[in-house]
2 protein chains.
Amino acid sequence: MARRATKEHSSTDDLDARKATILEAVVNEHVDTAQPVGSSSVASNADVVVSPATVRSEMVALERDGYLAQPHTSAGRVPTDKGYRYFVDHLKSGVLGSAQQRQVNEFFAHVRGEVEDVLEQTSLLLTKMTSYTSVVVGAGHSTSTVLSVQLVNLDARHQLLVTVFSDGAVVKHSIMSGFDVSPVDVAEASRQLNALLIGTTLDARVQVPSRTDHVATLVRDAVSVLHAEQPTAEGEQVFIGGSSKVAEVFDGVDTVRKVLGILEQELLVVSLVQDILNQGLSVAIGAEHGYEPLSSCAVIVAPVTIDNMPAGAVGLLGPTRMKYREAMAAAQVVSQHLTRHFAGEEERG
Amino acid sequence: MARRATKEHSSTDDLDARKATILEAVVNEHVDTAQPVGSSSVASNADVVVSPATVRSEMVALERDGYLAQPHTSAGRVPTDKGYRYFVDHLKSGVLGSAQQRQVNEFFAHVRGEVEDVLEQTSLLLTKMTSYTSVVVGAGHSTSTVLSVQLVNLDARHQLLVTVFSDGAVVKHSIMSGFDVSPVDVAEASRQLNALLIGTTLDARVQVPSRTDHVATLVRDAVSVLHAEQPTAEGEQVFIGGSSKVAEVFDGVDTVRKVLGILEQELLVVSLVQDILNQGLSVAIGAEHGYEPLSSCAVIVAPVTIDNMPAGAVGLLGPTRMKYREAMAAAQVVSQHLTRHFAGEEERG
DNA sequence: CGTTGGCACTCGGTAGAATTGACTGCTAAC
DNA sequence: GTTAGCAGTCAATTCTACCGAGTGCCAACG
């Protein structure tokens, strides 16, 4: 970090205390009112002890350095993405309101059920807390091993392969055979599949029988259909809560359309969240994530871990003009609770 | 195709040929332009052979009888819900464009995979074809019987109950035991569960062992957690495609918000579709379905059957000002293809 | 020197008046 | 019964004037 030697020029990454205070005031005010904010309303802020005139001259500096922008000549200032970035980076981590804290505790004290259900509920919790659209991503089971495989006869030529993974995931695949399969064959195939696959991961290569009898064919079909799973999607699950909030939080119908269009593409949402996490960020503002249609959005993410391994993430999506402090606190607290929840489940049990 | 037995309005439910032609012209024009349509543009329609003045006098009659409405005194006419209803009831079933027909054929020639995946893809197909939001509902497995139950050890105190139903559905439930369970116990419980549950439906009462040993407890827990499934949701699956179309097709942001809010509540969507089907309708216009927030929408539904049993439905949701002919044709064709697809799967296999 | 009050200026937003034009309903003639 | 013509209505548009929020600049002040 460069020191604050010159107060002019060169966008050093640090602002002197007064500029920082003013920037913060502008952000807070603008988030509240959605309006450009002028020098006098900044000066009336309790933390700012100088006159509007001084504020004005500081503001031209902030604008020159790219932290603020002016919609038009005789309007107040609006924070730029860079301005928000500074604000967020220098935010002392907020604390949740006690009511919200209670809401979260209450929620995690009572959730039950399958992982998927918990994640979905969590997503709803997050939107209810923040009024922003939330995204919860559950990690795929690419690294987990097969616990059990079972072949079930739907009818003579139609079987269902049910695979259980060590992370509790269950996937099914239907298999159509070109010949009638007897229950005995199915049972035998099931037995062989178990012997073959238990303990392996999906990308492990296994030795399939090369014979041409019914059972061997079934086994081969089952293995291939199961391994075909891999490339499609890595099995990540995405739960999006409160898409309708998008329409409440953005004003332009076209923005709403663009954002919803993105949210519909779940794979894209996964990579968005993944990208942000990979960049080590907890917030991506405006164009930082590189998804153009979301350039008027900010995305907050917080990782969820199981046994210190990344196991997903929770996220919030709002306008760049969003209540970062509250939203970040919510995301963080919920992600921690979620992490603890899954750890707790392991431990109990 | 026309149904609607109730005819007890002050005016007869049938219009003379000229009024019908004029109404149709108004609907077509309004659907195209989204603007109130005036007498002269109606008169210039090829099917209308009278002068604007005559059209005007017919229009006052149509307005008196509730088929048209005037936004304000010096504006053209707009169809009312009743007007759309008449239009739809007297629509000769449209034919799909050849390009679209090809698209559908192509699609159903190549879809593969699990029922859920097919339904989801179908939903995307429908939105792509029509540019409206689509809803595909897959029937729940409340009537199907248990084909197989399996208990899998996640760890000593943590089991997973995997149940396969005759319709190919697979559901899982985790079970936490208050004691360590040996693999032998799990296998035995699994065996007992199979004996107990195979062939039953979810609402059947079964005789559970009353002993207090580990295996019996496991069995009891498993049965109760499985039967607890029932009340929550009947297992219907809903696939909604193109929610973002909502933002394209409606103009008011508040309408968008309301409609999205409804779409988020999947249970509500299921009952909406169910209600409309129960009323025997294929289209619900405006307030006909009784869901107030959707009063500016029209919903088109077409049933999907398996073995002549209702097995779900496909639907399209758009503004009352929607292209009924095309949309209805699309819904119908797709539902038929879907019905045939599932029938075909049974047959092959 | 930095800070401040004062002042002229800019420009978006709004309110009202005038205008337009797309309709209508009515009526009298065909 | 149909039509042409005409007067009337009213939303939408345009224009104008004006207001006021907010700026940049500057001179004065500690």
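As a basis for the values below, the full set of heavy atoms in this structure was taken, side chains included, without hydrogen atoms, waters or symmetry mates. Naming convention: chains lettered A, B, ... in sequence-line order (proteins, then strands); numbering from 1 in each chain.
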(request) Rounded off to whole Å, could you give me the CD-to-P distance for the Gln70(A) and dA21(D) pair? (result) 16 Å
(request) Starting at atom NZ of Lys19(B), determine the distance to atom C1' of dT2(D), rounded to an integer number of angstrom. (result) 14 Å
Per-pair distances, 0.1 Å, donor-acceptor, side chain in residues 124-131 of chain B, under 3.5 Å, sequence neighbours excluded:
unit_1, atom_1, unit_2, atom_2, d
Thr127(B), OG1, Ser123(B), O, 3.2
Thr127(B), OG1, Leu124(B), O, 2.9
Thr130(B), OG1, Leu126(B), O, 2.8
Thr130(B), OG1, Tyr132(B), N, 3.1

(request) Mind jotting down which residue pairs meet the salt bridge (Lys or Arg N to Asp or Glu O under 4.0 Å) criterion with at least one end in residues 22-39 of chain A? Sequence neighbours excluded, please. (result) none
(message) Show me the pairs that pass salt bridge (Lys or Arg N to Asp or Glu O under 4.0 Å) and involve residues 41-63 of chain A, at least two apart or across chains.
(response) Arg18(A)-Glu58(A), Lys19(A)-Glu58(A), Glu63(A)-Arg77(A)
(message) What does the B/S/- profile of nucleotides 12-22 of chain C look like, 5' to 3', with a 4.0 Å heavy-atom cutoff to protein?
(response) S---------B
(message) Is there a side-chain contact between Arg77(B) and the phosphate of dC23(C), meaning an N or O under 4.0 Å from OP1 or OP2?
(response) no
(message) Under 3.5 Å, is there a donor on one side chain and an acceptor on the other for Thr54(A) and Ser57(A)?
(response) no
(message) Check this for me: does any side-chain nitrogen of one of Arg85(B) and Asp89(B) sit under 4.0 Å from a carboxylate oxygen of the other?
(response) yes
(request) For the residue pair Val135(A) and Val314(A), establish whether any side-chain heavy-atom pair is separated by less than 4.5 Å. (result) no
(request) Please collect all side-chain hydrogen bond (donor to acceptor under 3.5 Å, both in side chains) contacts where either partner lies in residues 251-266 of chain A, sequence neighbours excluded, each pair once. (result) Glu264(A)-Ser244(B)
(request) Can you sort out which residues in residues 34-61 of chain B have a heavy atom within less than 4.0 Å of DNA chain D? Ascending by number, please. (result) Val50(B), Ser51(B), Ala53(B), Thr54(B), Arg56(B)
(message) Test your reading of the model: is there a side-chain donor-acceptor pair from Ser335(B) to the backbone of Ala302(B), 3.5 Å cut-off?
(response) no
